[in-house]
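From a predicted model like this one, the values you see are computed outputs, not experimental measurements.
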Amino acid sequence: YRTTDLNYNVARVGKELRDQLMSYKFNVIHDTTYHDYPAYSGSYERSMNTVNQILANNNSDVIIDIHRDAIGDYSYAPTVKINGEKVAQILFVIGTNDGGGKHPNWKNNLKFAIKDQEKGNEMYPGLFRAINLRSATFNQKISNAASIIEVGATGNTLEEAEASMKYLAD
């Protein structure tokens, strides 16, 4: 369930989201820099540097960090059927300032996630799982519309995760 091969990890799911959003004429930058390999320690600091470099030349509030629910086995695979297709469910993870870090934008990030989730579940019932509020900032403090989006879990297939991106983009 872990690989550095961009054809088989969440970077591929991010590519699918990018392609779907671009089909709606959104400008999208999809960065595939490894921040958690070879070590998890310091990965958020490294990813913050990457995002800051991108934002230095590109103005945007919407920042999406694609993940999957990293349960260490294949027993959990949250799915929903949409238009007869089995797709991975999506979960917003929103950091707060409860962990002691300064995070002045967390309520705006939460409002963004709630609005997206409500519309998505209206259009495609069951696409989204309940929003997960966490006591960490996850680099979301740099934007008013930043979130971690977990696409399925380790038990979901790559095809299920990719399929859900067309519904998220819509």
**Student:** Scan residues 127-162 for pairs that pass ring-ring contact (aromatic ring centres under 6.0 Å, His included), counting only residues two or more places apart or in two chains.
**Tutor:**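 For residues 127-162, and leaving out neighbouring residues, the ring-ring contact (aromatic ring centres under 6.0 Å, His included) pairs sorted by first residue read Tyr44-Phe138, Phe92-Phe128.
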
**Student:** Just wondering, are more than 12 heavy atoms of other shown residues or ligands nearer than 6.0 Å to OH in Tyr24?
**Tutor:**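 Enclosed: over 12 neighbouring heavy atoms sit under 6.0 Å from OH of Tyr24.
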
**Student:** Salt bridge check, Lys15 against Asp19: does any charged N sit closer than 4.0 Å to a carboxylate O?
**Tutor:**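 Answer for the salt bridge query: yes.
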
**Student:** Any side-chain heavy atom of Ile94 within less than 4.5 Å of one from Arg134?
**Tutor:**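 Not in contact.
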
**Student:** Return the minimal non-hydrogen interatomic distance between Leu127 and Ser164, and the atom names on each side.
**Tutor:**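 Closest approach of Leu127 to Ser164: CD1-CB, 4.3 Å.
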
**Student:** Answer yes when Lys86 and Glu160 have at least one side-chain N-carboxylate O distance shorter than 4.0 Å, and no when they do not.
**Tutor:** yes

**Student:** Is the shortest heavy-atom distance from the side chain of Met165 to the side chain of Val151 under 4.5 Å?
**Tutor:**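 Yes. Closest side-chain heavy atoms under 4.5 Å.
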
**Student:** Does the side chain of Tyr124 come under 3.5 Å of the side chain of Asn83 through a donor N or O and an acceptor N or O?
**Tutor:**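 No pair is found: no donor N or O on one side chain lies under 3.5 Å from an acceptor on the other.
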
**Student:** Are Ser47 and Asn139 linked by a side-chain donor-acceptor pair shorter than 3.5 Å?
**Tutor:** yes

**Student:** Taking atom types as modelled and ignoring hydrogens, do the side chains of Asp31 and Thr33 form a donor-acceptor contact shorter than 3.5 angstrom?
**Tutor:** yes

**Student:** Salt bridge check: are Arg129 and Asp69 linked by an N-O gap of less than 4.0 Å?
**Tutor:**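 Yes.
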
**Student:** Is there a side chain to side chain donor-acceptor pair (under 3.5 Å) between Tyr74 and Asn156 once you walk through the steps?
**Tutor:** CA-CA 8 Å; Tyr74 296 102; Asn156 289 95; over 6 Å; no

**Student:** For residues Asn105 and His103, is any side-chain donor paired with an opposing acceptor at under 3.5 Å?
**Tutor:** no

